[in-house]
Undergrad: 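Would you mind keeping the following structure in view while I ask a few things?
As the structure lists them, so they are numbered: ligands from 1, and atoms in each ligand from 1.
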Amino acid sequence: MFIKGTRTEVRQRSPPQKTVSLTKVYILGSKVGLMFSRLRTSLFTRVSSSISLSWFSTVSSPNQLRTMTPKDLVEKAITDNQIAIFSKSYCPFCKRAKALLKEKFPDAKSVIYELDEMDDGTDIQNYLHTKTGQRTVPNIFVGQEHIGGCDDTFAAEKAGRIATLLQ
Ligand SMILES: N[C@@H](CCC(=O)N[C@@H](CS)C(=O)NCC(=O)O)C(=O)O
């Protein structure tokens with residue numbers, strides 16, 4: 001603006017610094033993130049223990065076997081159990097097969113490995129592929145015999161083969 005030939009600058013005040021409030025937002029964001037992370041961990045722990053307490057009553061937790069090689073883990077799971085299921089927690093075929101076997105054979109000594117939740121899950125899946133020729137999950141063994149995937153398990157159960165293998 002010009003007044004009497006002299007240039008008068010009209011300076012606007014710079015807005016108040018936002019650093020403090022941004023820092024607060026950042027801290028709040030971190031706290032919310034931490035809360036979600038804790039909630040997720042607690043849910044995971046609860047789900048894992050509820051599975052362990054129901055159908056795998058007589059089997060040691062899969063986590064205790066983590067130091068074994070993939071081959072030893074697979075072979076021990078098969079020899080130590082009547083039913084061994086190599087699964088992935090989110091897999092719908094795995095869910096169907098697990099539900100069927102649990103419903104029809106609730107007393108069978110069983111173990112389920114959720115390969116997607118294990119550090120060496122991919123190595124275990126690779127070993128299963130070498131052993132059985134099957135690349136997919138679920139990969140199921142009953143009475144030390146390879147049954148196959150979900151469809152194979154339903155067919156075997158319908159044919160009475162699983163009941164026979166468990167006798
Ligand atoms: N027909 C198969 C289908 C199994 C299948 O497609 N499983 C998927 C997961 S839902 C799989 O193994 N994908 C490859 C992988 O996860 O490595 C069965 O009855 O088991």
Side-chain angles (χ1 to χ4, degrees), residues 26 29-167:
Y26 179 76
S30 306
K31 280 184 180 169
V32 170
L34 189 65
M35 272 167 54
F36 272 108
S37 156
R38 284 191 178 144
L39 180 67
R40 206 179 49 203
T41 307
S42 103
L43 283 176
F44 175 76
T45 310
R46 246 177 275 156
V47 169
S48 302
S49 6
S50 70
I51 292 172
S52 309
L53 290 174
S54 55
W55 202 31
F56 315 59
S57 47
T58 53
V59 179
S60 46
S61 157
N63 290 330
Q64 291 171 1
L65 303 173
R66 283 285 180 90
T67 51
M68 301 172 79
T69 64
K71 177 177 186 238
D72 288 349
L73 183 145
V74 168
E75 297 303 335
K76 187 167 168 54
I78 295 167
T79 52
D80 286 1
N81 294 283
Q82 292 177 292
I83 298 177
I85 303 176
F86 299 91
S87 167
K88 287 186 183 174
S89 59
Y90 56 81
C91 160
F93 299 100
C94 303
K95 286 178 186 165
R96 287 185 60 219
K98 286 184 284 189
L100 175 79
L101 293 172
K102 186 178 175 183
E103 184 204 328
K104 300 281 182 184
F105 310 102
D107 299 328
K109 186 182 175 186
S110 308
V111 69
I112 301 169
Y113 288 97
E114 301 293 0
L115 301 186
D116 59 309
E117 294 173 353
M118 300 171 76
D119 292 340
D120 51 356
T122 303
D123 296 332
I124 293 169
Q125 193 170 359
N126 287 340
Y127 175 70
L128 285 165
H129 181 221
T130 305
K131 180 180 173 68
T132 66
Q134 182 185 325
R135 210 179 268 283
T136 55
V137 288
N139 199 330
I140 296 175
F141 296 80
V142 176
Q144 285 77 58
E145 285 205 20
H146 182 234
I147 302 296
C150 175
D151 297 343
D152 302 315
T153 303
F154 270 78
E157 195 282 323
K158 200 172 173 189
R161 184 164 167 238
I162 294 186
T164 305
L165 287 168
L166 290 175
Q167 279 168 4

Undergrad: Tell me whether T136 has any N or O atom under 3.5 angstrom from an N or O of ligand 1.
TA: no
Undergrad: Identify each donor-acceptor pair in which a side-chain atom of residues 154-167 lies under 3.5 Å from a protein atom, sequence neighbours left out, and give them as a table.
TA:
{"residue": "R161", "atom": "NH2", "partner": "E145", "partner atom": "OE1", "Å": "3.0"}
{"residue": "T164", "atom": "OG1", "partner": "G160", "partner atom": "O", "Å": "2.8"}

Undergrad: Main chain of R135, side chain of Q125: is a donor-acceptor contact present, judged purely on distance under 3.5 Å?
TA: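 Pair found, side chain donor or acceptor close to backbone of R135.
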Undergrad: Please write down residue, atom name and distance for the protein heavy atom closest to atom 6 (O) of ligand 1.
TA: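 Checking every protein heavy atom, the shortest distance to atom 6 (O) of ligand 1 gives F93 CE1, 3.7 Å.
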Undergrad: Below the 3.5 angstrom mark, is there an N/O of C150, backbone or side chain, next to an N/O of ligand 1?
TA: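 Yes - when backbone and side-chain N and O of C150 are compared with those of ligand 1, one distance drops under 3.5 Å.
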Undergrad: What closest approach, in Å, do S87 and K98 show between heavy atoms, and which atom pair accounts for it?
TA: OG-NZ, 3.3 Å
Undergrad: Who's the nearest protein heavy-atom neighbour of atom 15 (C) of ligand 1, and how far?
TA: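 Nearest neighbour among protein heavy atoms for atom 15 (C) of ligand 1, to 0.1 Å: K88 NZ, 3.4 Å.
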Undergrad: Which residue owns the protein heavy atom closest to atom 8 (C) of ligand 1, what's the atom, and how far is it?
TA: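 That would be V137 O, 3.9 Å.
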Undergrad: Give a yes or no answer on whether the side chain of E114 reaches the backbone of F86 with a donor-acceptor pair at less than 3.5 Å.
TA: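 Between the backbone of F86 and the side chain of E114 there is no qualifying donor-acceptor contact (under 3.5 Å).
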Undergrad: Can you find an N or O of C91 that's nearer than 3.5 Å to an N or O of ligand 1?
TA: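 Between C91 and ligand 1, no N or O pair is found under 3.5 Å apart.
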Undergrad: Give the atoms of ligand 1, by number and element, whose distance to some non-hydrogen atom of P138 is under 4.0 Å.
TA: 20 (O)
Undergrad: Tell me whether atom 4 (C) of ligand 1 lies less than 4.0 Å from at least one protein heavy-atom position.
TA: yes
Undergrad: Taking all non-hydrogen atoms of both residues into account, name the closest pair between K131 and I78 and its distance.
TA: CE-CD1, 3.7 Å
Undergrad: Out of all atoms in ligand 1, which are within 4.0 Å of some heavy atom of G149? Include the element for each.
TA: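 It comes down to these atoms of ligand 1: 20 (O).
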Undergrad: Kindly give the heavy-atom pair with the smallest separation between P138 and C94, and that separation in Å.
TA: N-SG, 3.4 Å
Undergrad: Show your reasoning for whether side chain to side chain donor-acceptor pair (under 3.5 Å) applies to N139 and H146.
TA: CA-CA 8 Å; N139 199 330; H146 182 234; 2.7 Å; yes
Undergrad: Do me a favour and list the nearest non-hydrogen protein atom to atom 19 (O) of ligand 1 with residue, atom name and distance?
TA: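 Ranking protein heavy atoms by distance from atom 19 (O) of ligand 1, first comes D151 N, 2.9 Å.
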Undergrad: Considering distance alone, does some N or O of Q125 sit under 3.5 Å from an N or O of ligand 1?
TA: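 Indeed, backbone or side chain, Q125 has an N or O that close.
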Undergrad: For ligand 1, which is the ligand I care about here, please tell me if D152 has any N or O atom under 3.5 Å from one of the ligand's N or O atoms.
TA: no
Undergrad: Do you know which two heavy atoms are closest between V74 and L128, and how far apart they sit?
TA: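 Between these two residues, the closest heavy atoms are CG1-CD2, 3.8 Å.
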